[in-house]
2 protein chains.
Amino acid sequence: MQSPASLAVAYRANGRKLTPQRQLIFQLMHENETHPTAEDLYAQASAQMPGISLRTVYQTLNELAEMGELQFIEIGSGATRFDPNVGDHHHAVCDSCGQIRDVHVRGAATLRPTDSTDFVINEVGVVFRGICSACETSRRKGSTQRGAKSPVQQAKASKK
Amino acid sequence: MQSPASLAVAYRANGRKLTPQRQLIFQLMHENETHPTAEDLYAQASAQMPGISLRTVYQTLNELAEMGELQFIEIGSGATRFDPNVGDHHHAVCDSCGQIRDVHVRGAATLRPTDSTDFVINEVGVVFRGICSACETSRRKGSTQRGAKSPVQQAKASKK
DNA sequence: TGCTAATTAGCAAGACTTGCAAATTAGATC
DNA sequence: GATCTAATTTGCAAGTCTTGCTAATTAGCA
Ligand SMILES: [Mn+2]
Ligand SMILES: [Mn+2]
Ligand SMILES: [Zn+2]
Ligand SMILES: [Zn+2]
């Protein structure tokens, strides 16, 4: 699934209706590479469809996830991020700006624990945490780099 | 840091006090292999120290994280789970019961994205999702296994 | 053109976590 | 041991994110 055309098919297959709201959200989500939050999407959707509700955005995202059209990503920075790319890929998270970018990792799919052999693995996810080039650059230019905080701590601190 | 003895040192080093609450939480956390939530810990702590507040549990966990004594784990199932093990290890999450177990993965630390080379990596995390042996067993005994839901969907559904 | 089940919008409420301020206390000082 | 004070704990209000509920609306079908 990638084209809006087959979106109708996917929805019908699930006994669901193809509403303007659903079409818009699906479209916005595929135009967006940033792994946005529901709120992010809501803002974008509102611009093109004034009156659309945040509730509908959440509902649609949940449906699409159920239909296997997208995945949720939780990096512990508050709101859930969503990802229209359900193919084989992984993520690099910048601990400074929170950006999540797609990355590919050779051999990731075949990684296995050296212990816990009695566990049926359905999925392997790799997450890299670090600093993106943009943040690294601005950081060198004398920004106040304080003592190291864990990614989570940082995420939580930035909420304030 | 592992022993309660050095806990005092760690706290002092940070200009902090060694309170009974902090000692208890630290102890409980090291006795616990389940990657419990703050609420889980609060329940355990309350048993031994009636009157301790949930607020204090959260506060202490945050402090310990800042001090590098523990890490937070977010698997998208609601509450944050905490992990007293800050050493090199990874996790296997059961999509059925939510259990998180520690696993080791050979070569995980040296994994690198094949793309995004302009990213300074501080940490590599691997998460396996699947079904634990306990769930797999009970599942075979005719339990009602419904259609596949994503891990997150399942986590959210189980909240209701 | 009507019918009806599905969907939307709006708002209340739930789950988890943090802010705040008054009361308490660990640890230093005398 | 008694005193002092900054740090800590509590309790509760409030914040953030997400979902429950239901009246009004609408897509898709006859
Ligand atoms: Mn992605
Ligand atoms: Mn662990
Ligand atoms: Zn960055
Ligand atoms: Zn299980």
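Numbered from 1 within each chain, the chains take letters A, B, ... in sequence-line order.
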*asked:* Hydrophobic cluster membership, with links at side-chain heavy-atom distances under 4.5 Å among I/L/V/M/F/W/Y: are B:M67 and B:M29 in one?
replied: yes
*Could you give me the CA-CA distance, side-chain angles and deciding distance for A:H90 and A:D102, then say whether side-chain hydrogen bond (donor to acceptor under 3.5 Å, both in side chains) is met?*
CA-CA 6 Å; A:H90 302 274; A:D102 289 339; over 6 Å; no
_Side-chain N or O of A:Y58 closer than 4.0 Å to phosphate OP1/OP2 of D:dT19_ = no
Polar-atom pairs under 3.5 Å, protein N or O versus N or O of nucleotides 3-9 of chain C: list them with distances, or write none.
unit_1, atom_1, unit_2, atom_2, d
C:dA5, N3, A:K17, NZ, 3.4
C:dA6, O4', A:K17, NZ, 3.4
C:dT7, OP1, A:K17, N, 2.9
C:dT7, OP1, A:R22, NH1, 2.6
C:dT7, OP1, A:R22, NH2, 3.3
C:dT8, OP1, A:T19, OG1, 2.5
C:dT8, O3', A:Q21, NE2, 3.0
C:dA9, OP1, A:Q21, NE2, 3.3
C:dA9, OP2, A:S53, N, 3.1
C:dA9, OP2, A:S53, OG, 3.3
C:dA9, OP2, A:T56, OG1, 2.5

_Show every side-chain hydrogen bond (donor to acceptor under 3.5 Å, both in side chains) that has at least one partner inside residues 44-55 of chain A, sequence neighbours left out._
A:S53-A:T56, A:R55-A:Q59
*Send over the distance from B:I25 CD1 to D:dT9 P, rounded to a whole Å.*
8 Å
*CG of A:L61 to CD of A:Q71: how many Å apart, nearest 0.5 Å?*
13.0 Å
*Determine, for A:R101 against A:E33, whether the closest basic-nitrogen to carboxylate-oxygen distance falls under 4.0 angstrom.*
no
_Any side-chain to backbone donor/acceptor pair from A:R81 onto A:T34? Under 3.5 Å, distance only._
yes
*CG of B:L61 versus P of D:dT9: gap in Å, rounded?*
12 Å
*What pair of heavy atoms forms the shortest contact from B:A65 to B:F72, and how long is it?*
CB-CE1, 3.3 Å
_For DNA chain C, which residues of residues 36-48 of chain A approach it to below 4.0 angstrom with any heavy atom?_
none
*Same cluster (ILVMFWY, side-chain, under 4.5 Å), B:I52 and B:L64*: yes
*Starting at CD of B:E74 and ending at P of C:dC16, how long is that distance when rounded to a whole Å?*
12 Å
*Rounded to the Å, how far apart are A:F72 CZ and D:dC17 P?*
15 Å
